[in-house]
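In what follows, a structure is listed as C-alpha cells, so that the remarks can point back to it.
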Amino acid sequence: MAGRGSTNEKAAPVKSEAALLPLQVLQKRSDFLKAARAGRAPCPAFLLQARQRRAGEADGVRVGFTCSKKVGNAVARNRAKRRLREIARLVLPTLGKPGWDYVLIGRADHTATRDFHSMQEDLRHALARVHAARK
RNA sequence: GCGGAAGGCUGGACGGCCGCUUUCUCUCCUUGGAGAGCGAGAGGAAAGUCCGGACUCGCUGAAGCAUCGGUGCCGGGUAACGCCCGGGCAGGGUAACCUGACGGAGAGCGCCACAGAAAUGAAACCGCCCCUUCUUCGGAUGGGGUAAGGGUGAAACGGUGGGGUAAGAGCCCACCGGGGGGCUGGCAACAGACCCCGCAUGGCAAGCCCCACCGGGAGCAAUGCCAAAUAGGGACCGCGCGCCCGCCUGAUUCCCUUUCGGGUUUUCCCGGGUCGGAAUAUCGGGGCAGGGGGGCUUCACCCCGAGUGGUCCGGGUUGGCAGCUUGAGCCAUGUGGCAACGCAUGGCCCAGAGGAAUGGCCGUCCAAGGCGCCCGGGAGACCGGCGCCGGGACAGAAUCCGGCUUACAGGCCUUCCGCGCGU
RNA sequence: UGGGGUGUAGCCAAGUGGUAAGGCACCGGUUUUUGGUACCGCGCACCGUAGGUUCGAAUCCUACCACCCCAG
C-alpha cells in the first residue's frame with residue numbers, strides 16, 4: 001500500500017508525456033479497412049498496418065487492435081490483444097507520428113509466446129519501415 | 001494393503017514495477033470534464049444455447065374450440081421445468097452400486113423387405129396317420145385327420161416332461177409362463193397369498209394415432225426517453241365518399257313575431273337586430289351502419305369513419321441515458337422432513353464492461369513429473385532427505401436467475417463394497 | 001446476443017425404414033497416325049461423430065462436432 005503511493009508519483013511524468021500524444025482507439029470498421037489498403041509491415045509476432053490520414057479527419061495518433069478466429073478461442077484472442085495493447089502503449093507515444101492510423105493484428109501462437117522485449121523491438125523496426133515507405 | 005463404488009470441496013500462493021474500468025469522498029474549473037484518495041473488479045463450468053422462468057412489447061385482451069408442439073411408471077419438492085429427491089418395476093454387476101423416452105398394441109389405420117407353405121384371426125410344402133380304388137406289390141389316385149418332426153426367418157397362435165392316440169393335439173396331468181376376479185398391505189406406482197380360466201389374439205406407437213397433463217408469439221439488438229440532422233414530402237393509378245338526428249340559441253336558407261333606420265303610397269320595398277318555427281343540398285357536430293385489427297366463434301377493446309390502398313421516386317440517423325444489476329441473492333444459527341427442500345431469526349451487499357475493462361512484465365515459493373546423489377531406513381517392493389531440470393488444466397461475464405449437457409492438469413475430504421493378511 | 005439451416009465418392013448431388021441412383025472428374029479399353037470427340041467398362045461411400053429404438057437406420061430419437069445464413 002505504501003509502495004503503491006510512491007510509484008504513482010514516479011508514474012506521473014510518464015503520464016504527462018503520453019498526454020502530449022494521446023492514443024485514440026480505432027472502433028469503426030471503415031478505419032480498419034482503410035488501414036489495410038495502405039502500407040503493411042509483417043513481424044514474427046504480429047502484422048502492422050498503417051496509413052497517414054487525410055487532413056481534417058482526426059487529430060493525434062490512433063491505433064486499433066484485432067485478432068481473427070484463427071488465433072484461437074476467446075481467451076487466446078484476448079491475451080493476444082492485451083499484449084499488443086501493451087507494446088503499443090510503451091512504444092507509440094514516442095515513435096508514433098500524429099496524423100497516422102496504426103492497426104496491430106495478432107497471429108496464432110506467436111503473439112502470445114514471443115519474448116516481450118523482442119516484440120517491442122519488432123514494433124520499432126516495423127514503424128520505421130512503414131514511415132520510410134510512405135515518403 | 002490391493003482393487004473398486006458413491007458423494008462433496010478446491011481450481012496455485014506471496015511480492016515488485018507499469019497500466020485498464022468503476023462506487024464513494026474531496027479538489028479544480030464554465031455545462032461537462034480533469035485530478036487525488038480509500039475501496040471493488042470473471043467461472044465451476046462465465047462455454048454449448050438444450051429446457052424452464054423473471055422482465056418488456058396495443059405483437060389487441062378474456063373465454064371456448066381447432067391446429068401445432070412438448071412431456072409420459074408413482075408420490076413429493078419447486079416460481080417453473082424435459083430438473084431434483086424418494087419409492088416401484090425391468091436389466092447389468094460377486095457386491096457397494098449403476099442404467100432405463102418405463103402410459104396404451106383384446107380403440108382404429110399402417111408396415112413387417114429377403115427367405116419361407118404360411119407374416120395375423122395365416123394356413124399345410126416335405127411329412128405322419130386312417131379309409132377307398134388300382135397294383136407290375138416298389139407304390140400310385142381320390143377323400144379325410146393332424147400340427148409332433150424337417151426346413152425358412154428377427155419373429156410361426158405358450159414352454160418342458162409325462163400320459164394319451166391310428167397319428168397327433170391343453171385332449172388330460174405336473175411345473176413354469178399368461179389372462180381374469182375379488183381380498184390384504186400401500187396415498188399411489190406396485191407387491192403378496194388365494195380362487196377361477198387349458199389359455200388363438202405376434203412385433204413396431206423414437207409410424208400415424210388414442211389417453212392424461214402442459215404450453216399464445218417475439219425477444220434487452222426487447223422496450224422507454226433525450227439530443228442532433230434532414231424531411232414537414234412528391235408523382236401516378238385504382239376503389240370510395242352510405243343512413244339518421246337538428247343538437248351548442250353552430251352555419252346557411254326559408255317562413256313568421258316584434259322593433260329600428262331609410263325609400264315612400266298607412267298595408268309595400270330595402271337593410272340591421274330580435275322571439276319562435278321549419279329544412280339539411282353544402283360547411284361543422286353527434287350517433288348508427290360499414291370497413292380494418294387473431295387460425296375461428298362470442299364478448300370486450302382499439303383504429304378508420306372521408307379518405308384509403310397499391311406502385312415508383314426522394315431525404316435523414318449508426319450518438320447519449322435508462323433498462324443494468326437487491327436477487328426465486330449469499331452467510332451463520334435454530335427447526336420440520338428419510339431426502340430434494342421448506343420455515344424462522346440475525347448479519348452482509350458481492351463485477352457491471354459496452355468494438356467490449358478485470359491485465360503486461362519480472363522475482364521467490366509450492367504441488368505433479370524426470371534425472372542424479374546420500375546409498376539413510378528396509379529382506380524386498382518401496383519410503384525419506386538433498387540438488388538440478390521442468391512446469392499449473394478446461395476456459396473469459398454481455399439483461400438476470402433455476403437446471404441440463406459438454407470440456408477439465410491435478411489435489412483434498414467423507415462414506416461404502418470385494419479380496420488378502422493380522423488380532 | 002438471439003433466430004434459422006446444412007453435412008452422402010475428389011466435386012455436384014438423388015435417396016422419408018429393407019442391396020446408397022445419376023452426372024462430372026479419375027483409371028483401363030475400342031475407334032484415331034497422335035490428341036480431342038464418341039462408345040464400352042472398372043473402381044471410388046465406416047452416409048459429420050457417438051449412443052439409442054428396431055429383426056434391420058443415410059432415413060426415426062437424443063447428445064455432441066463442423067460449417068453457412070439472417071437480425072439494429
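Please read all numbers here as calculations on a predicted model, not as lab measurements. Below, chain A is the first sequence line, B the second, and so on; all start at residue 1.
Of the options A:Ile87, A:Val103, A:Ile105, a side-chain contact (heavy atoms from CB on, under 4.5 Å) to A:Phe46 is made by A:Ile87 and by none of the others.
Classified by its glycosidic torsion, B:rC350 falls in the syn category, the angle being within 90° of 0. Annotated as syn: B:rA42, whose glycosidic dihedral is within 90° of 0. Under the 90° criterion around 0 for the glycosidic angle, B:rG44 counts as syn. Base orientation of B:rU94: anti, the glycosidic angle falling outside 90° of 0. Base orientation of B:rG363: anti (glycosidic angle beyond 90° from 0).
Comparing the P positions of C:rC26 and C:rG7 gives a spacing of 27 Å, expressed to the nearest Å. Nucleotides B:rU253 and B:rC283, compared at atom P, are 16 Å apart to the nearest Å. Using C1' as the reference atom, B:rA174 and B:rC73 are 36 Å apart when rounded to the nearest Å. Taking atom P on both B:rG37 and B:rC17, the two are 14 Å apart, rounded to the nearest angstrom. If you take atom C1' in B:rG273 and the same atom in B:rC245, they sit 30 Å apart, rounded to whole Å. Rounded to a whole angstrom, the distance from the C1' atom of B:rU56 to that of B:rG392 is 46 Å. Atom name C1', nucleotides B:rG369 and B:rG48: the rounded distance is 34 Å, in whole Å. Nucleotides B:rA62 and C:rU53 are separated by 44 Å at their C1' atoms, to the nearest Å.
Residue A:Pro44 comes nearest to A:Arg107 through the heavy atom pair O-CD, 3.7 Å, listed as atom of the first residue, atom of the second, then distance.
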What nitrogen or oxygen pairs link the protein and nucleotides 359-364 of chain B at under 3.5 Å?
from	atom 1	to	atom 2	distance (Å)
B:rG359	O3'	A:Arg82	NE	2.8
B:rG359	O2'	A:Arg82	NE	3.2
B:rG360	OP1	A:Arg79	NH1	2.8
B:rC361	OP1	A:Arg83	NH1	2.1

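Nucleotide B:rC361 has B:rG16 as its partner under the Watson-Crick or G-U criteria, with both atom distances under 3.5 Å. Applying the Watson-Crick and G-U wobble criteria (two distances, each under 3.5 Å), B:rC83 pairs with B:rG77. Across all strands shown, B:rG64 forms a Watson-Crick or G-U wobble pair, both distances under 3.5 Å, with B:rC296. Using the Watson-Crick or G-U wobble rule with both distances under 3.5 Å, B:rU21 pairs with B:rA40. Base pairing analysis places C:rC67 opposite C:rG5; the two distances defining the Watson-Crick or G-U wobble pair are each below 3.5 Å. In this structure, B:rG346 forms a base pair with B:rC331, meeting either the Watson-Crick or the G-U wobble geometry with both donor-acceptor distances under 3.5 Å. With a cut-off of 3.5 Å on both pairing distances, the Watson-Crick or G-U wobble partner of B:rC312 is B:rG234. B:rA54: Watson-Crick or G-U partner is B:rU399, with both key distances under 3.5 Å.
Judged purely by atom type and a 3.5 angstrom limit, A:Thr111 uses its side chain to pair as donor or acceptor with the backbone of A:Ala45.
Each of A:Val75 and A:Leu84 belongs to its own hydrophobic cluster when Ile, Leu, Val, Met, Phe, Trp and Tyr are linked at side-chain heavy-atom distances under 4.5 angstrom.
Under the 4.5 Å side-chain criterion, counting only non-hydrogen atoms from C-beta, A:Leu92 is not in contact with A:Trp100.
Whole-Å rounding puts the A:Lys81 NZ to B:rC20 P distance at 18 Å.
Between the CZ atom in A:Arg114 and the SG atom in A:Cys43 there is a gap of 8.5 Å [rounded to 0.5 Å]. Here the straight-line distance linking atom CG of A:Asp115 with atom CE of A:Met119 works out to 9.5 Å at 0.5 Å rounding.
Toward the 5' end of RNA chain B, the nearer of the two residues A:Asn78 and A:Phe65, judged by each one's closest nucleotide, is A:Phe65. Where A:Arg85 and A:Val75 meet RNA chain B, the nucleotide closest to each residue was compared, and A:Arg85 sits on the side nearer the 5' end.
Ion pair A:Arg83/A:Glu86 not flagged as a salt bridge, since none of the NZ, NE, NH1 or NH2 atoms sits closer than 4.0 Å to an Asp/Glu carboxylate oxygen.
A cation-pi contact links A:Arg85 to A:Phe65, judged by a cut-off of 6.0 Å to the six-membered ring centre and 45° from its axis.
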